[in-house]
There are 2 protein chains.
Amino acid sequence: MARAGLTTARLVQAGADMADEVGFDQVTVSALARRFDVKVASLYSHVKNSHDLKTGIALLALEELADRGASALAGRAGKDALTALANVYRDYAREHPGRYAAAQLRLDPEAAAASAGGRHAQMTRAILRGYDLTEPDQTHAVRLLGSVFHGYVSLESSGGFSHSAPDSQETWARILDALDALLRNWPAP
Amino acid sequence: MARAGLTTARLVQAGADMADEVGFDQVTVSALARRFDVKVASLYSHVKNSHDLKTGIALLALEELADRGASALAGRAGKDALTALANVYRDYAREHPGRYAAAQLRLDPEAAAASAGGRHAQMTRAILRGYDLTEPDQTHAVRLLGSVFHGYVSLESSGGFSHSAPDSQETWARILDALDALLRNWPAP
DNA sequence: TGCACTTGCCTAATACCTTTAGGCAAACAA
DNA sequence: TTGTTTGCCTAAAGGTATTAGGCAAGTGCA
């Protein structure tokens with residue numbers, strides 16, 4: 001019988017696609033095996049276990065997101081950069097809901113260390129170079145921006161803003177205005 | 001044989017406790033049956049299915065959270081109210097991680113309508129009475145506050161801020177300062 | 001080209017979890 | 001006490017996760 005040509009990378013990739021199509025929690029070793037028209041046990045040569053597969057998808061999503069962020073940020077500064085990075089997260093979550101959900105997976109310390117998590121923090125910090133903040137305030141601001149981006153995208157994707165006026169797009173724009181204003185005028189302790 | 005006295009409410013309650021102890025995703029019909037020392041099938045007279053049970057836990061958590069919010073808000077206004085409500089979310093997530101995770105469950109429209117979700121939006125809106133915002137800006141601000149509260153608590157609980165200085169408590173205080181300043185000085189479009 | 005060896009996918013088996021159908025006995029009503 | 005309801009049980013089918021061991025498709029070397 002011809003071989004299917006499974007590799008860890010192909011499995012993770014296909015798992016990510018499946019997540020976007022049917023939801024991250026529907027991604028299962030069995031479903032993935034069906035997609036490759038292969039028996040379930042065969043996957044275990046390439047992937048340690050179900051958790052390992054999901055971690056792989058999460059790491060892939062974090063990398064992709066960091067790559068998009070890096071190119072969005074190139075050549076921009078100030079509010080322009082703020083908007084660009086914010087939109088990267090929001091657009092990615094809309095285009096790849098399953099991957100975005102995967103990126104939210106709680107990673108164990110080793111996986112977290114190997115992830116693109118650090119790049120994300122660095123990108124946010126890079127934005128703040130366009131504003132005038134002291135060092136500790138930069139960290140507070142990085143955390144605030146991370147919270148807003150993640151929180152907004154997450155609430156929006158779970159339908160929180162979909163059934164009321166004004167529409168979500170307008171709120172998003174106004175929130176970015178507000179964050180810009182806040183960073184230009186960060187309050188002293 | 002003596003009966004175990006199962007009811008939907010007791011099952012949901014026990015499921016919530018179990019979520020706090022071992023994690024929301026470990027809450028399973030089987031595990032719950034074991035906890036009541038009862039056979040699995042017996043639960044299905046009180047709970048439609050696994051998803052129904054989880055929805056019940058989510059609704060319970062949202063109610064508890066809204067109750068805490070309401071009493072925290074009583075008699076407070078302005079920044080005092082802002083801080084009080086924000087701390088309700090953060091403290092609840094720390095005390096009841098499983099319940100908080102449950103509250104993040106994506107509810108189907110019927111469940112969402114029956115949930116305390118509306119109370120949460122109302123509470124945030126009540127805080128804004130202490131600030132001077134036009135009607136549409138209030139909605140934007142409600143969404144911003146919701147995003148920050150949810151985003152911060154969620155990132156903090158997944159360990160995002162735990163391994164770097166300054167500590168999370170300080171950032172939280174500074175973020176509340178910043179939000180207060182922002183609401184007092186909300187930028188025009 | 002032929003052989004040995006590696007590696008990939010398979011069969012088989014175990015162990016959970018979920019859900020439905022139908023039965024017996026405890027609690028309750030009269 | 002006798003019906004009747006209702007609650008928990010047994011039984012069974014189907015899905016997912018994971019491990020152990022087997023056979024054949026590819027690969028390297030003579």
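All heavy atoms count here, side chains included; hydrogens, waters and symmetry mates do not. Residue numbering restarts at 1 for every chain, and letters A, B, ... go by the order of the sequence lines.
- For the pair A/Ala41 and A/Arg34, nearest-nucleotide mapping onto DNA chain D gives the more 5' position to A/Arg34.
- OP1 or OP2 of C/dC10 sits under 4.0 Å from a side-chain N or O of A/Ser42.
- A salt bridge does not link A/Asp132 with A/Arg184: every distance from a Lys NZ or Arg NE/NH1/NH2 to an Asp or Glu carboxylate oxygen is 4.0 Å or more.
- Checked against a 6.0 Å centroid threshold, the rings of B/Tyr92 and B/His96 count as neighbours.
- For the segment residues 44-59 of chain A, residues with any heavy atom less than 4.0 angstrom from an atom of DNA chain D are, sorted by number, A/Tyr44, A/Asn49, A/Ser50.
- Salt-bridge check for B/Arg94 with B/Glu156: passed, with a basic side-chain N closer than 4.0 Å to an acidic carboxylate O.
- Of the residues in residues 10-33 of chain B, not one places a heavy atom less than 4.0 Å from an atom of DNA chain D.
- The distance between the ring centers of A/Tyr89 and A/Tyr152 does not fall below 6.0 angstrom.
- Inspection of the B/Thr139 and B/Arg125 side chains reveals an N or O donor paired with an N or O acceptor under 3.5 Å.
- Rounded to a whole Å, the NZ atom of B/Lys39 is 15 Å from the P atom of D/dA12.
- At a cut-off of 3.5 Å, with distance as the only test, a side-chain donor of B/His140 or A/Thr171 sits close to an acceptor on the other residue.
- Taking the charged nitrogens against the carboxylate oxygens, A/Asp177 and A/Arg174 do have a contact shorter than 4.0 Å, which makes a salt bridge.
- Separating the CG atom of A/Leu6 from the P atom of C/dG8 is a distance of 9 Å, rounded to the nearest angstrom.
- Residues passing the side-chain contact (heavy atoms from CB on, under 4.5 Å) test with B/Ala31 are B/Met18, B/Thr28, B/Arg34, sequence neighbours excluded.
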